[in-house]
Protein chains: 2
Amino acid sequence: MQNYQIDNLDRSILHALMDNARIPYAELAKNLAVSAGTIHVRVEKMKQAGIIKGTKVAISAKKLGYDVCCFIGINLKNAKDYPDTITKLDALEEVVEAYYTTGNYSIFIKVMTRSIDHLQTVLISKIQAIDAIQSTETLISLQNPISRDVIP
Amino acid sequence: MQNYQIDNLDRSILHALMDNARIPYAELAKNLAVSAGTIHVRVEKMKQAGIIKGTKVAISAKKLGYDVCCFIGINLKNAKDYPDTITKLDALEEVVEAYYTTGNYSIFIKVMTRSIDHLQTVLISKIQAIDAIQSTETLISLQNPISRDVIP
DNA sequence: TATGAAAGACCGCTCCC
DNA sequence: GGGAGCGGTCTTTCATA
């Protein structure tokens, strides 16, 4: 089940579910001109294969007051401090994503904050306060024109 | 309804729905020691307020064969080429996110590819082929230790 | 005003074709 | 892959604190 090859129907189902995970199977079936049972079988198959990991609600961070999105490239003093630093970053609720990367930075994180002031506080008092961090570089996101998932 | 302030119950509901958007309201109600009707009212309110934007399935890009995740910082020859470049990037299915940022790069994108070879093809034949792009800098993600949404 | 309980409609799951 | 029946869930309404 590891490398289950999806076909066009699976692809269409994925696209529809990406848009709305709670769409009734019957409606989906009607749109795709197949029966509801078929939809069910395909979805089950993709769940079994691990392609569909689960369902999530899409939250508007903005409506919750989190207006500022930015990326921070982090350089560590020693590469061996990586696991420790991740643990510390994980404890910060403002850090929503972290990546261990090759290239200019050791760690690359995405941070959501309520305001520029809030960002400054997080950056100075929380992130740069971590001993193992040598330097940081901040990229503030002004717009997010593309945001989607990859479905071949 | 713009700035609806969520309370602890709303927060708990959001957390539960983030984990599994299809959890029965009855079960959620039981876990939170309230009635299913109350859950329904709260969810409706948050939908109205735009806090809940919709539901999505979580897809495993890896299972679909997309193993390589990387970030690419892009510098444009002219800032005015921004909208055009976004349009061109949007046409590339491998580009899953794009940000207009302050700092070292004009545009910052996230790219998912099937392999390093595939990445190379996309980078050279598709991204660097865009005229307005002056230079790029690639950060390949080796690990993604933190990945979540911000819920205060 | 917000919550809790119950009834009806709808949907999803399963079996058989 | 298609179609029908059963079981479960969601939604709505009404009463209540």
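The sequence lines fix the lettering, A, B, ..., with proteins before strands; numbering per chain opens at 1.
Rounding to whole angstrom units, NZ of residue B:K30 and C1' of D:dG8 are separated by 14 Å. Across the protein-nucleic acid pair, A:I39 atom CD1 and D:dG2 atom P stand 9 Å apart, rounded to whole Å. Rounded to an integer number of Å, the gap from B:L28 CG to D:dT9 C1' is 13 Å. Rounded to a whole Å, the CD atom of B:E44 is 7 Å from the P atom of D:dT11. For the pair B:Y25 OH and D:dG8 C1', the computed distance is 16 Å after rounding to whole Å.
In the 5' to 3' direction, nucleotides of DNA chain C lying under 4.0 Å from heavy atoms of chain B begin and end at C:dT3 to C:dG12.
Residue pairs meeting the ring pair (Phe, Tyr, Trp, His ring centres under 6.0 Å) criterion with at least one partner in residues 126-152 of chain A, sequence neighbours excluded, are absent.
Side-chain contact between A:I13 and A:V43: present, with at least one pair of heavy atoms (C-beta onward) separated by less than 4.5 Å.
Of the two residues near DNA chain D, A:V34 and A:R22, the one whose nearest nucleotide lies more 5' is A:V34. The nearest heavy atom of DNA chain C to B:A36 and to A:H40 marks one nucleotide each, and the one closer to the 5' end goes with B:A36.
For the pairing with B:T55, the side chain to side chain contact (heavy atoms under 4.5 Å, CB included) check across A:L17, A:T55, A:I23, A:N20 returns one residue only, A:N20.
Here A:I23 lies in heavy-atom contact (under 4.0 Å) with sugar-phosphate atoms only.
A side-chain donor-acceptor contact under 3.5 Å links B:E137 and A:N104.
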**Request:** Would you please test A:M46 and A:D10 for side chain to side chain contact (heavy atoms under 4.5 Å, CB included) and show each step?
**Result:** CA-CA 8 Å; A:M46 290 192 283; A:D10 294 320; 3.8 Å; yes
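Residue B:Y99 shares its hydrophobic cluster (ILVMFWY side chains chained together at separations under 4.5 Å) with A:F71, A:Y99, A:Y105, A:F108, A:L139, B:F71, B:Y105, B:F108, B:L139.
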